[in-house]
Q: 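Please see the structure below; I have some questions.
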There are 2 protein chains.
Amino acid sequence: MDRRIRKTRKAIFEAFIQLLSEKDFAGITVGEIIERADVGRTTFYAHFETKDFLLKELCEELFCHIFDAVSKEKPAHNHIFECDSSDAVFLHLLKHLHKNDNNILKLLSSTNNELISGYFKENLKQLVASQTELLELKKSEKIPDSFRINHIASVFVETVRWWVDNGMKEAPETIAEYFYLSV
Amino acid sequence: MDRRIRKTRKAIFEAFIQLLSEKDFAGITVGEIIERADVGRTTFYAHFETKDFLLKELCEELFCHIFDAVSKEKPAHNHIFECDSSDAVFLHLLKHLHKNDNNILKLLSSTNNELISGYFKENLKQLVASQTELLELKKSEKIPDSFRINHIASVFVETVRWWVDNGMKEAPETIAEYFYLSV
DNA sequence: ATATTAGCGAACACTGTGTTCGTTATCATA
DNA sequence: TATGATAACGAACACAGTGTTCGCTAATAT
């Protein structure tokens, strides 16, 4: 891939993340993005159809990255969906979020736009659906699977959001415990 | 209050609700609202500072209405916060939502803007905080109260959202059961 | 070395926002 | 029912943001 393309995409994403950590998605203009990214207006629209598509692509990149990273931290298995313990999967996810090597956390705060947590939740649902152990937990009841999956993913998102909003004082292990006690 | 004021407010709210049931908040323009409401542009801005304030006022009105209605359905108690059973409170809320006499449900769907569920959740948090019985349920654990309150309110919102998205086929009693089993 | 293509900036039409102003119609109330 | 107050009106406005076009320049892959 052309180096110029990589450079502009990176510049735009970084400017966008920076702006998202300062204000709502709705309040961010293309003008602000290209000013921070220091790229031309034409260039922006050559890369992204609209601001919404930029958000979509950013989320895809961020969540791909984090879910990939989590799966690679467990080298015994070649894919996250093959993890033997639900416990380990969600704790790993929390630990990875705790490191915050990408700026994902800033974006998950409740003051920020819900769109991002929406993307996060969609990714989580897939993960949850594969965690049969977790789903079995309250299987005895007559709750439908789709309800359980949505429920567990929502609770995880809300757990992380609470964590971030309260300054992330707790250790990932503590949050994982809260999550397992709640779900 | 001047009849003209009441009439325009009503017309604007109704047009706005109708539009919200069709498309995202972000995609709705003031021009569309005033066209449907059949009021002048000047009039709109005389009533509402911006589109965001309109949403805020609508939510306040809707949620005030529903929480009031729920409290009045239990005439033995003069205020919802004095209900003796958590069970009854949430079931009443679900029953009232099921009737859908105001168009609240359309707005809570996941396809619609998250802003509205946000307002709903804020109202619920107050209610949850007063449901000491419910909070005591898993009190033995070392989970902070603020976590529990946020958790329970979130689960309720997500429960309703799941219900709406799946066509509300279940009875309020069934949904209440799902909720109590999950929370 | 050169053909290709990304990026540039200026200009553009277009849509939506929020305001101003003078006029008309409706209201509360005396 | 007369009257002063005020809500609603439409037209016009400045302004900001969107997304596109065009001709030119500079970086890149081969």
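Atom set for the values below is all heavy atoms of this structure, side chains included, hydrogens, waters and symmetry mates excluded. Quick note on labels: first sequence line is chain A, next is B, and so on, each numbered from 1.
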Q: Taking NZ, NE, NH1 and NH2 as the nitrogens, is one of them in A:E14 or A:K10 under 4.0 Å from a carboxylate oxygen of the other?
A: yes
Q: Would you indicate what A:R4 reaches in the nucleic acid, counting non-hydrogen atoms under 4.0 angstrom: base, sugar-phosphate, or nothing?
A: base
Q: It should be established whether A:T43 places a side-chain nitrogen or oxygen under 4.0 Å from OP1 or OP2 of nucleotide C:dC8.
A: yes
Q: Are A:E114 and A:K121 ion-paired here, with the side-chain N under 4.0 Å from a carboxylate O?
A: no
Q: Taking NZ, NE, NH1 and NH2 as the nitrogens, is one of them in B:E136 or B:R148 under 4.0 Å from a carboxylate oxygen of the other?
A: no
Q: Taking the six-membered ring of B:Y119, is the NZ or CZ of B:K56 close enough (under 6.0 Å from the centre) and on axis enough (within 45°)?
A: no
Q: Where each residue is assigned the nucleotide of DNA chain C containing its nearest heavy atom, which of A:V39 and B:T50 is assigned the position nearer the 5′ end?
A: A:V39
Q: Check B:E22 with B:R36, please: is the shortest side-chain N to carboxylate O separation under 4.0 Å?
A: yes
Q: Report yes if at least one side-chain N or O of B:Y45 is closer than 4.0 Å to OP1 or OP2 of C:dG18; otherwise report no.
A: yes
Q: Just how far, in rounded Å, is C1' of D:dA27 from NZ of A:K7?
A: 9 Å
Q: Between C1' on C:dT19 and CZ on B:F48, what's the gap in Å once rounded to a whole number?
A: 18 Å
Q: Rounded to whole Å, please give me the gap between NE2 in A:H47 and P in C:dT5.
A: 15 Å
Q: Measure the distance from CD1 on B:I28 to P on C:dT17 and round it to the nearest whole Å.
A: 11 Å
Q: Looking only at side-chain N and O atoms, does B:T8 come under 4.0 Å of OP1 or OP2 in D:dA8?
A: yes
Q: Whole angstrom is fine here: how far is it from CD in B:E32 over to C1' in C:dT15?
A: 12 Å
Q: I want to verify a distance call: between D:dT18, D:dA8, D:dT28, whose nearest atom is closest to the A:R3 side chain?
A: D:dT28
Q: Report which part of the nucleic acid A:T29 touches: base, sugar-phosphate, or nothing (heavy-atom distance under 4.0 Å, all strands).
A: sugar-phosphate
Q: Pick the nucleotide of DNA chain D nearest each of A:M1 and B:R41; which residue has the one closer to the 5' end?
A: B:R41
Q: Could you state the atom-to-atom distance from NZ of A:K10 to C1' of C:dA6 in whole Å?
A: 18 Å
